[in-house]
Amino acid sequence: MKKTIILLLRIFIIFLIFLPIILPFIEMKNTSDSNSIIQIFIPEEIKFSFKEKDIIQKIIYNQFGQDTKINYTNYGKEDNLPIQDYDDLISQIKNNSGTTVIISNAHFFGEEAKKFNTLLKETRNFKENRLFFIPLTKILSNNSSSENYLVLSDIFIPKISFLGEESTASIHLIGKIKSHNEIKGEIILHSGNSFLNAKSFKIEIPSNGLINTIIDVPINFSKIGNQVVTADVTSAFTKQPMNSVSTNVQVVYSKSTFLHISVGPDWSLRTLRQKLKFWPNLDLLSYYILRETTSDQSIPNSQLSLIEFPADKLFGSSLQNFHGIIAQNFLFDTYLGEKESSNLINYVANGGRLVLQAGPLSFLSENSLINSIFPCENKPNWDFKNKHFWKANETNFLTDDIFKESLSNLVTYYTALDCKPKKDAIVLAKTADGDSPVLLAMPYQKGIILSFLGADWIYGYTQEKLENHAAVALRMRGSESSENIFNWMVEFLQRRQDSGIKGPDLLGPRIYAEDKFLQIKSRGGLQINKNIFVSSNLKNELSGAPFILNNLQREMLKLDSSLSTILPNLSANSGINSDISLSWQNKKDEHLKFQTWPVFSGTAKSQENFENPFLFEGIPELLKISSDLTKDITAVSKKVALLDAYPWLLAFALFLLTFEQLLTRVFWRNELQKL
């Protein structure tokens, strides 16, 4: 019996010793009887008077008790856009574990406003019922909020629309209108001065007076290229600039024609060709050379072309008819003469899109013209023995999350390694094991070349045997990622009219002359260490530095001065159509392509002064809560070290150890006496 007790004591002591290692931190309630602290976030530009602070104090005391302490914290900056203020608010709330009260004017609309609401509901404060909201209009003594208003919140058009085919523009309307059964209005769509379509609408007002509706308007485009589409709403309850919203749309040919050339055939060629054949709105002209000694001999003769490779025609009179060219494992010197090589170089230089899908023959050319379109200064070395996982290259270059994640799921078993990128080449992806470039984009005058240095990136995920459910899941992820990058490659080839590596597009939804920040949308990625030049047709320009909003994930541009410095004088109310261009280079070094944007006078903060009643939807409004929150507010969860929370555990372990030693000595003394 004594042996059993000693053994159990030793096990329990060992457990107590290892407990801080097994469970180093625990959630602990701060149940101090001292006054509760309420963190109140207020906009930076709002300066409360003593009277207004007294109103806030009464609201807090009424809900949380007279002993409550109040801390005020500002969010945003006066020069910011609303999206920056609310991104900063999200960051600060994430860092505050206690009870939080937001005071806001809710002057924030668009798709980002929906995302802001979603992010708020994902915070710990909201999940613990410690997040509350007070409308600023309930605090300000000089409240002059409009009773009835209708705001054009956002416009959505598919990012790529086809020439001559009908698309749909979705217009999002938000408003607050009381004492009316219905309202009427009209939506007018235009691109610059070109009319696109118009549609009348009628909205029945719900009992709460809040409007949140989407109206679809059909739209047809008559020209290709990037276009700024503007929607204007006319109604008795709208006024400028909040009755207007703009977006950037890419319009491409309804049919794109690709040239696909290769030396083969092999399974890489067959896989890529098969996927291109089933791409919608694509005419594929595919030529591949008859088999050579190194070709895959498993391909039957019935599937081999017997037509002579028509280099003089493909790279002669027909060359300009192609929207893009894919050269897959192609030996340029053998199959293209000097004239055809020169024509190919001129095609790219004048805005053509070229994809170099690498194979063992791709970089063997001795022709200086052909070598000028290769992204590497050297000839890469092919590795056919080892598999290589890819990863997105994030050094000073940012892309969207789906693109980065997809690259990180690619794997190749036939990989060209040790490429030394040329000065102008941008490395989009590297091997995960050795940081060897495997996906590069390189501008060539007005054109651009995309180079894949892996022969089997499209189907590399299929080359490993499935052994368990985890392997099946990885294969599904590899399949989806391969499809995403393939789609991205095809869209790249379709954009011949966007020749060269261009600067990002302005995003809108509204542009104001006095703003020092702009929302932008990059074309394939953003070089954050490189300034962007903003130019107008008045031959003026200013530079700006790109950056990313961490929470709302929006690309932004900080200008050296306000946009008004390069634009004509604007009238007080209505916007003026202004030709604006964004580019990576100084206007002296590049032929600029302008886009016509409606630019309004003033700043976003002074003009966008209507409340979005859905911005804090689902967040409890403190003034409408009738229950007593005092008891709930005094306990705040936080993570603390186990030994800080329960220091007596160490003393208890030492006590048990002492007791165990005493029992052991007594037990062995008795045993020895028996002997």
Side-chain angles (χ1 to χ4, degrees), residues 159-160 256 258 260 262 264-282 284 286 288 296 324 326-329 353-360 362 375 380 382-384 386-394 399-417 419 427-434 436-441 449-495 524-525:
K159 64 178 182 178
I160 294 183
S256 300
F258 290 177
H260 179 210
S262 180
D266 59 21
W267 291 111
S268 296
L269 168 106
R270 288 162 60 84
T271 304
L272 180 56
R273 181 174 180 271
Q274 195 73 6
K275 292 179 72 68
L276 289 169
K277 280 177 63 178
F278 289 99
W279 185 271
N281 301 300
L282 176 63
L284 178 65
S286 183
Y288 51 94
D296 188 345
I326 303 175
Q328 182 176 8
N329 191 31
R353 294 291 177 103
L354 174 65
V355 169
L356 293 176
Q357 174 52 61
S362 295
W382 280 90
D383 183 1
F384 300 104
N386 305 302
K387 68 177 179 180
H388 295 277
F389 289 95
W390 292 20
K391 66 176 181 180
N393 181 30
E394 299 184 8
T399 55
D400 64 81
D401 292 337
I402 294 178
F403 181 80
K404 289 192 291 187
E405 184 179 355
S406 297
L407 286 175
S408 300
N409 293 327
L410 295 186
V411 60
T412 48
Y413 291 78
Y414 307 98
T415 316
L417 303 177
C419 166
V427 178
L428 302 180
K430 296 181 176 182
T431 57
D433 50 358
S436 181
V438 284
L439 177 58
L440 303 96
I449 302 118
L450 193 64
S451 301
F452 290 87
L453 304 189
D456 57 337
W457 62 271
I458 291 180
Y459 63 95
Y461 64 92
T462 66
Q463 299 185 56
E464 199 158 318
K465 291 183 179 180
L466 297 179
E467 297 179 354
N468 49 48
H469 292 294
V472 174
L474 289 174
R475 177 161 293 188
M476 292 293 292
R477 191 169 64 179
S479 174
E480 183 180 6
S481 298
S482 172
E483 193 69 19
N484 288 337
I485 300 301
F486 175 79
N487 294 347
W488 173 80
M489 181 193 75
V490 174
E491 290 174 4
F492 158 82
L493 288 168
Q494 288 177 319
R495 296 174 182 169

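If you're wondering where the values come from, they're calculated on a predicted model, not measured in any experiment.
Taking Ser451 as the reference, nothing meets the side chain to side chain donor-acceptor pair (under 3.5 Å) condition, with sequence neighbours excluded. With sequence neighbours excluded, the residues forming a side chain to side chain donor-acceptor pair (under 3.5 Å) with Ser481 are Asn409, listed by chain and number.
In summary, the side chains of Thr415 and Thr412 do present a donor paired with an acceptor at a separation below 3.5 Å, with no hydrogens or angles considered. No side-chain N or O of Asn484 forms a donor-acceptor pair with one of Asn487 less than 3.5 Å apart. Asp456 and Gln463 form a side-chain donor-acceptor contact under 3.5 Å, judged by distance and modelled atom types alone.
Within the model, atoms CG of Asn329 and CG of Leu356 stand 11.5 Å from one another, a figure rounded to the nearest 0.5 Å.
Tested against Leu417 for a side chain to side chain contact (heavy atoms under 4.5 Å, CB included), the candidates Thr431, Asp433, Leu453 yield a single pass: Thr431. Of the candidates Leu284, Leu450, Val355, Ile326 forms a side chain to side chain contact (heavy atoms under 4.5 Å, CB included) with just one, namely Val355.
The aromatic rings of Trp457 and Phe452 sit parallel to each other, their planes meeting at less than 30°, with 60° as the upper class boundary.
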Test side-chain contact (heavy atoms from CB on, under 4.5 Å) on Ser479 and Tyr461; report intermediate values, then the result.
CA-CA 7 Å; Ser479 174; Tyr461 64 92; 3.6 Å; yes
Show, in sequence, the C-alpha distance, side-chain angles and deciding distance for Trp390 and Lys430, and conclude whether the side-chain contact (heavy atoms from CB on, under 4.5 Å) test is met.
CA-CA 6 Å; Trp390 292 20; Lys430 296 181 176 182; over 6 Å; no
Can Gln328 and Ser268 be said to form a side-chain contact (heavy atoms from CB on, under 4.5 Å), step by step?
CA-CA 9 Å; Gln328 182 176 8; Ser268 296; 3.7 Å; yes
As a quick check of understanding, evaluate side-chain contact (heavy atoms from CB on, under 4.5 Å) for Trp279 and Phe258, giving each step before the final call.
CA-CA 11 Å; Trp279 185 271; Phe258 290 177; 6.0 Å; no
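For the residue pair Val411 and Lys387, the shortest heavy atom distance occurs at CG2-CB, 4.2 Å. Contact record, Gln357 with Gly454: NE2-O, 2.8 Å, taken as the closest heavy-atom pair. The shortest heavy-atom contact between Leu428 and Leu407 is O-CD1, 3.7 Å. Nearest heavy atoms, Ser408 versus Ala392: OG-N, 3.9 Å. Listed here is the closest heavy atom pair of Leu440 and Cys419: CD2-SG, 4.4 Å.
Side chain of Ser406 to main chain of Ile402: a donor-acceptor pair is present (N/O by atom type, distance under 3.5 Å, no hydrogens or angles). A donor-acceptor pair under 3.5 Å links the side-chain atoms of Arg353 to the main chain of Phe492, judged by distance alone.
You'll find the ring centres of Tyr414 and Trp382 outside the 6.0 Å limit.
Screening residues 480-490 for salt bridge (Lys or Arg N to Asp or Glu O under 4.0 Å) gives Lys275-Glu483 as the qualifying pairs, with residues at least two apart or on separate chains.
Using a 4.5 Å heavy-atom cutoff, the side chains of Leu410 and Val438 are not in contact.
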